[in-house]
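Since the structure is predicted, the reported quantities are computational estimates derived from the model, not experimental observations.
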Amino acid sequence: GLCLLMLSPFIWMIGASFKKEADVMKQGIGLFPTYWYPQNYLRVLGFAGKTNYHFLQGYWNSIKVAAISALVAGISSCLAGYAFAKLKFRGSNVLFLLYLSQMMIPSQLTLIPRFVIFSAVGLVNTHWALILPKVVAVSATFMMRQAFLGTSEELREAAKIDGANNWQLFTKIKLPNLRQLIIIIFMMRTMDAFRLFDRVNVTTGGGPGISTETLAIYNYTTTFTKLRVGRGCAIGVITLIILAVIINVIMKVLRVKEV
């Protein structure tokens with residue numbers, strides 16, 4: 001019952017995506033349309049009427065931001081997690097606490113400072129304003145550090161005796177044992193990038209033109225500015241499908257093969 005309650009907004013979104021705009025507002029919370037209207041999907045995808053450049057641009061921008069930020073954040077979290085867990089240096093614990101304290105600051109409080117900084121260095125209305133804040137993943141670094149602390153030291157010590165350096169210990173001994181966690185981190189960072197809205201809205205607004213418009217901004221504009229709720233639900237369903245495909249690809253690429 002609880003699972004059905006949690007899934008009900010998604011079920012309503014799927015049903016509303018096949019409704020006309022008048023039916024969406026008239027039928028209220030009705031889950032299924034009385035008349036199926038697939039034109040919402042055809043218009044979003046550009047198969048009905050003129051080519052929808054907003055969707056194509058939003059799709060490309062979302063993929064680009066998600067791919068670059070997830071890749072860089074995944075690499076940086078692995079490196080930082082290993083450094084905090086295994087490379088003991090003066091002040092490492094204090095530095096880790098300072099690093100971790102970023103999780104206690106709501107992201108909304110940093111929107112204006114980020115806008116001022118990006119404006120000062122000329123990054124407003126560029127893709128870098130969307131990517132750079134996502135390259136450091138504090139939560140992912142914390143998970144990697146805890147995972148590295150939980151790994152056995154016997155193999156690491158044996159490799160050190162055989163002359164392995166820190167980079168070899170990291171890439172050959174420790175990292176392969178945490179591949180499942182790395183898959184989870186890449187999935188989390190990819191989904192987080194697709195949910196990106198407030199930072200885009202503040203730093204670029206999707207501009208100039210639609211050059212930095214993401215699927216989230218396009219969906220918001222379609223649904224709440226143009227009041228095309230059915231079409232906005234279709235965009236949401238398509239976004240979920242895209243995310244499912246991307247996550248499936250990530251899992252197939254990084255998954256450890258069963259012996």
Side-chain angles (χ1 to χ4, degrees), residues 9-10 13-14 16-17 40-77 107-108 110-111 114-115 118 123-137 139-140 182-226 228-254:
F10 297 98
M13 180 179 69
I14 295 172
S17 68
N40 287 327
Y41 289 93
L42 298 178
R43 290 184 181 276
V44 169
L45 296 174
F47 296 126
K50 60 182 180 180
T51 303
N52 189 350
Y53 293 103
H54 285 270
F55 175 78
L56 296 176
Q57 188 68 45
Y59 172 76
W60 168 243
N61 287 337
S62 296
I63 290 290
K64 180 163 53 177
V65 171
I68 297 176
S69 60
L71 179 62
V72 178
I75 294 173
S76 65
S77 62
S107 60
Q108 291 78 8
T110 63
L111 286 176
R114 284 175 178 172
F115 177 80
F118 289 147
L123 293 180
V124 172
N125 290 336
T126 68
H127 292 95
W128 291 111
L130 312 180
I131 295 172
L132 289 178
K134 309 299 293 184
V135 299
V136 176
S139 59
I182 295 173
I183 293 175
I184 295 174
I185 290 175
F186 270 93
M187 291 169 54
M188 291 173 56
R189 304 312 301 175
T190 301
M191 290 187 292
D192 187 54
F194 265 86
R195 290 198 305 265
L196 194 62
F197 172 78
D198 52 357
R199 190 174 302 115
V200 184
N201 195 37
V202 170
T203 56
T204 71
I210 60 173
S211 60
T212 60
E213 186 177 59
T214 60
L215 285 178
I217 290 292
Y218 172 51
N219 198 355
Y220 174 82
T221 303
T222 301
T223 306
F224 297 104
T225 302
K226 299 179 180 178
R228 295 172 178 171
V229 181
R231 200 175 299 181
C233 291
I235 297 170
V237 174
I238 294 172
T239 304
L240 286 177
I241 295 174
I242 293 172
L243 268 176
V245 172
I246 292 174
I247 290 174
N248 186 52
V249 171
I250 292 174
M251 292 180 65
K252 286 186 176 181
V253 170
L254 298 178

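- Considering CG of L111 and CZ of F115, their distance stands at 11.0 Å, rounded to 0.5 Å.
- With sequence neighbours left out, the side chain to side chain donor-acceptor pair (under 3.5 Å) criterion links T223 to N219.
- Distance check, rounded to the nearest 0.5 Å: NZ of K226 to CZ of R231 gives 8.0 Å.
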**Study point:** Intermediate values then yes/no, side chain to side chain contact (heavy atoms under 4.5 Å, CB included), Y218 and T222
**Key:** CA-CA 6 Å; Y218 172 51; T222 301; 3.3 Å; yes

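- Under the 4.5 Å side-chain criterion, counting only non-hydrogen atoms from C-beta, F118 is in contact with P133.
- Contact detail for T214 and S62: the closest heavy-atom pair is CB-OG, 3.5 Å.
- In this structure, CG in L132 is found 10.0 Å from CZ in R114, a value given to the nearest 0.5 Å.
- The side chain to side chain contact (heavy atoms under 4.5 Å, CB included) search around M13 returns F10, C233, V237, L240, not counting sequence neighbours.
- Scanning for ring pair (Phe, Tyr, Trp, His ring centres under 6.0 Å) contacts around F224 gives Y220, with sequence neighbours left out.
- With sequence neighbours left out, the side chain to side chain donor-acceptor pair (under 3.5 Å) criterion links S17 to Y41.
- A donor-acceptor pair under 3.5 Å is formed between the side chain of N61 and the backbone N or O of Q57.
- For the atom pair CD1 of I217 and OG1 of T225, the computed distance is 9.5 Å after rounding to the nearest 0.5 Å.
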Would you list the atom pairs, donor with acceptor, under 3.5 Å between side chains in residues 64-77 and any protein atom, with sequence neighbours excluded?
unit_1, atom_1, unit_2, atom_2, d
S69, OG, V65, O, 2.5
S69, OG, A66, O, 3.4
S76, OG, V72, O, 3.1
S76, OG, A73, O, 3.0
S76, OG, V135, O, 2.9
S77, OG, A73, O, 3.0
S77, OG, G74, O, 2.9

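- In this structure, CD1 in I184 is found 14.0 Å from CZ in R189, a value given to the nearest 0.5 Å.
- Rounding to the nearest 0.5 Å gives a distance of 12.5 Å between CD1 of I238 and CG of L243.
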Exercise for review: Evaluate side chain to side chain contact (heavy atoms under 4.5 Å, CB included) for I182 paired with I185, printing each intermediate quantity in order.
Suggested key: CA-CA 5 Å; I182 295 173; I185 290 175; 5.6 Å; no

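- For the side chain to side chain contact (heavy atoms under 4.5 Å, CB included) test, residues two or more places apart in sequence or in another chain that qualify with I63 are Y59, F194, I242, I246.
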